[in-house]
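Following: one structure in structure tokens, then a few remarks.
Proteins get letters first, then strands, A, B, ... in listed order; numbering begins at 1 in each. Side-chain atoms are counted along with the backbone in the values below, which use heavy atoms only and exclude waters and symmetry mates.
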Number of protein chains: 2
Amino acid sequence: MAQGVPHRPSTLDEVAELAGVSRSVASRVLNNAPHVSPAKREAVERAVHRLGYVPNPTARALATRQVGAAALVVSGEDPSIFADPFFAQVIVGASAALEEAELHLMLCLAASDRGRRRVGRLLRSKGADGVMLMALREDDPLARMAEEAEIPVVFGGRPVGFDPRWYVDVDNLGGARAATEYLISLGRTRIATICGRLDTEVGRARHRGYRDAMLAAGLEPLPPEVGDFTESSGAAAMAALSARYPELDGVFAAGDNMGAGALRTLRDAGRRVPADVAVIGFDDLAVARIADPPLTTVHQPIEGLGREMARMLVALISGQAPTPLILPTRLVIRASA
Amino acid sequence: MAQGVPHRPSTLDEVAELAGVSRSVASRVLNNAPHVSPAKREAVERAVHRLGYVPNPTARALATRQVGAAALVVSGEDPSIFADPFFAQVIVGASAALEEAELHLMLCLAASDRGRRRVGRLLRSKGADGVMLMALREDDPLARMAEEAEIPVVFGGRPVGFDPRWYVDVDNLGGARAATEYLISLGRTRIATICGRLDTEVGRARHRGYRDAMLAAGLEPLPPEVGDFTESSGAAAMAALSARYPELDGVFAAGDNMGAGALRTLRDAGRRVPADVAVIGFDDLAVARIADPPLTTVHQPIEGLGREMARMLVALISGQAPTPLILPTRLVIRASA
DNA sequence: TGGAAGACTGGAAGCGCTTCCAGATTCAGG
DNA sequence: CCTGAATCTGGAAGCGCTTCCAGTCTTCCA
């Protein structure tokens, strides 16, 4: 391309001809299948080398009915949701696992209806060998589409109101409970939560974890302040919470970005962390480590989530029957609580 | 898939048969090409609907020699480079532009040699209609591979030691100079820089901008402290700088993450920002806004970078001859300087 | 009303590769 | 030196779709 020469790529026929064998033999050499004599094998290899031959993936895909690619779909309200570093980590994990299986990664940011329709077509058209679905909203049309898909589908996290057959999730409930229990163990009693949107399963599960822990300790769960996992929403939620409950001494933020926002509000209001109010986040993103003070948080294996989703998908594609997975979380204690 | 029924997808032949037309006509209807009578058109459409027919993209790709996908390749030392939110934003931009052109996005994290070889194969095998290349290292084998590619290649940023034919870059030099000039205009005279790795073009250009501005103002450019665009490297660099030049009153960090790290070190050392030392970052990432104090920084249009790369690639794919692009940067003044 | 321009139509030839299968070859054992 | 098994080989039939092209059918003008 760079030099502008058309230079039509060579085909398997040309390789076969140059090597003096039939196309079948050449094909077998390329897929190193059996039933090829060493002599011809070498002849073909030499021809491949001389011609700089590279098989055409499309033709191969058509013949084998295997595309050689898996798609990762991120649904959600608007594309900016993808800016959350969470997804980058998922991708790193998924990419590594797919590479092991020699699959390419297609990325679909299906924030618009148009995008979702496009994914729908992908699902029904064998445009990929399998699909990973993430960040579905409540009543997301993708859930139904997934049911009628022609190809394997793995969910990352469980969508609300829909029970997927195959999914990888994180123990949100347990993590949130552990975080809240830790606050309680610190002697805090007026503990509030900044939760994620309650029309998402993460939002609900983490809130339920908080609630369970409070109830179990005989404390009164406070009505949650709802954020959207962004820093600013966390800051706003913290402000609202402080106004409503001036005597607060503990906050469980269902996401590190929101936790960081809460820290900012608290700092601006002159309240000391953790002396006056202890704060715990969730996710263990980079921001937690660099927050001031460093944020105690619930670690979740984000890269692992991506990796396991991909592995499950690969298993499904190769005809196996994996079982859903729930990945463990663990508390990481830093300075904020 | 969900229900486990094999349910072989229907083909164009079946559609044609059901509609009582030839395959050619059916094909024309699907691509809404001319030369189809309204009656047959409707018959085909009805058949498509009844069968729930979706064209097989692979077969179409083979026939048209158009894959319908473009790849975004992120090279670099190790996969964690991708964790930088920078790439997520690039992807959002690129994804949007590709969607307009009805192209899918393939993402290749080519951090290993194996990954790079895979990309090389992609480049020579028409596995995608075009490729966007980013974060190439010095002497990155991908540069040479790109030259011999069978498909259009657009670079994001210019690799060091290689002058790509088509690229989209950001005005790193100008941005860095503006940042440094601003520090100078504030009356700072002992200004240091925390730069990015000098075997990358970004690293070099931003350092050169700093140097130019210092020289132009008759100030002595200090030898740079080199980081790797992470928060911790910025913190470490700042520590080294403080030790070496205790009287420092200004710092230009060539990335916001490093700037945030510098702020942390400064805060821990009890130095006030901006009173004692003014700090400016680069990138205008989310972290700049939530840093304490909020980081003055050089804004670069990251989403725009992705969008323009994709547009340029689409132009190339459709046979046009676009010209390289350098996107402007601008100073965003916050509290740290 | 003849005929040419134009609109439709469907047969057929690919796109480049895999894979089944029947025939050819090789080779060891008898 | 012959036979059956084991191993190779290449012809041919796809994979599902696009598109060229040569006919067929309309139209419309002179």
Side-chain angles (χ1 to χ4, degrees), chain A residues 6-44 47-48 51-68 102 121-122 124-129 150-151, chain B residues 6-44 47-48 51-68 102 121-122 124-129 150-151:
Chain A
H7 181 254
R8 191 181 50 65
S10 42
T11 71
L12 187 54
D13 279 303
E14 293 166 8
V15 170
E17 183 176 359
L18 180 59
V21 302
S22 77
R23 184 178 33 201
S24 327
V25 173
S27 174
R28 267 181 240 127
V29 171
L30 259 75
N31 301 299
N32 50 64
H35 304 309
V36 178
S37 63
K40 302 222 164 184
R41 184 175 297 274
E42 201 200 336
V44 171
V48 164
L51 259 35
Y53 170 76
V54 185
N56 178 319
T58 304
R60 192 198 290 256
L62 184 59
T64 60
R65 296 134 166 287
Q66 302 218 15
V67 180
E102 295 277 332
R121 234 175 302 147
L122 187 69
R124 328 194 61 256
S125 76
K126 293 209 178 329
D129 294 323
E150 298 283 348
I151 53 180
Chain B
H7 182 255
R8 192 183 50 65
S10 43
T11 70
L12 188 54
D13 279 304
E14 294 167 8
V15 170
E17 183 175 1
L18 180 58
V21 302
S22 76
R23 184 178 33 199
S24 328
V25 172
S27 174
R28 268 181 238 127
V29 171
L30 259 76
N31 301 300
N32 51 63
H35 303 310
V36 178
S37 64
K40 302 223 163 184
R41 184 176 296 275
E42 200 200 339
V44 170
V48 164
L51 260 36
Y53 170 76
V54 185
N56 178 318
T58 304
R60 192 196 290 255
L62 183 58
T64 60
R65 299 135 166 286
Q66 302 217 12
V67 181
E102 295 278 333
R121 232 176 305 148
L122 186 70
R124 328 194 60 257
S125 76
K126 291 211 182 328
D129 293 322
E150 299 281 348
I151 53 180

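Here the C1' atom of nucleotide D:dG14 and the CZ atom of A:Arg60 are 17 Å apart, to the nearest Å. Distance CG (A:Leu30) to P (C:dT18): 7 Å, rounded to an integer number of Å. In this entry the distance linking CZ of A:Arg23 with P of D:dA13 reads 12 Å, nearest Å. Between A:Glu17 atom CD and C:dC17 atom P there is a gap of 14 Å when expressed in whole angstrom units. Atom CG of A:Leu62 is separated from atom P of C:dT18 by 11 Å (rounded to the nearest Å). Rounded to whole angstrom, the span from the CG atom of A:Asp13 across to the C1' atom of C:dC17 amounts to 9 Å. Atom-to-atom, CG of B:Leu51 to C1' of D:dC17 comes out at 16 Å; the value is rounded to the nearest Å.
If you check C:dG10, D:dT18, D:dC15 against the side chain of B:Arg28, the one that comes closest is C:dG10. For B:His35, counting side-chain heavy atoms from C-beta on, the closest listed nucleotide (C:dC8, D:dT18, D:dG10) is C:dC8. The side chain of B:Asn31 approaches D:dT18 more closely than any other nucleotide in the set D:dT18, D:dA13, D:dC15. With D:dG10, D:dT19, C:dG10 as the choices, the nucleotide that has an atom nearest any side-chain atom of A:Lys40 turns out to be D:dG10. Distances from the side chain of B:Arg65 to the nucleotides D:dT19, C:dC17, C:dC15 place C:dC15 closest.
Heavy atoms of A:Ser24 sit under 4.0 angstrom from at least one base atom. Nucleic acid contact class of B:Ser27 (heavy atoms, under 4.0 Å, all strands): base. Heavy atoms of B:Pro55 sit under 4.0 angstrom from primed sugar atoms or phosphate atoms, though from no base atom.
Between the side chain of A:Asp129 and the backbone N or O of A:Gln66 there is no donor-acceptor pair closer than 3.5 Å. Of the possible donor and acceptor atoms, none in the side chain of B:Ser27 sits under 3.5 Å from a partner among the backbone N and O of B:Arg23. Judged by distance alone, the side chain of B:Arg124 and the main-chain N or O of A:Gly52 form a donor-acceptor pair under 3.5 Å.
Comparing A:Tyr53 and B:Val21 by the nucleotide of DNA chain C that holds the closest heavy atom to each, the one mapping nearer the 5' end is B:Val21. Both A:Leu12 and B:Ser37 lie near DNA chain C, and the one whose nearest nucleotide falls closer to the 5' end is B:Ser37.
From A:Glu150, atom CD reaches atom CG of A:Leu122 across 12.0 Å, with rounding to the nearest 0.5 Å. Residue B:Lys126 holds its NZ atom at 13.0 Å from CG of B:Leu62, rounded to the nearest 0.5 Å.
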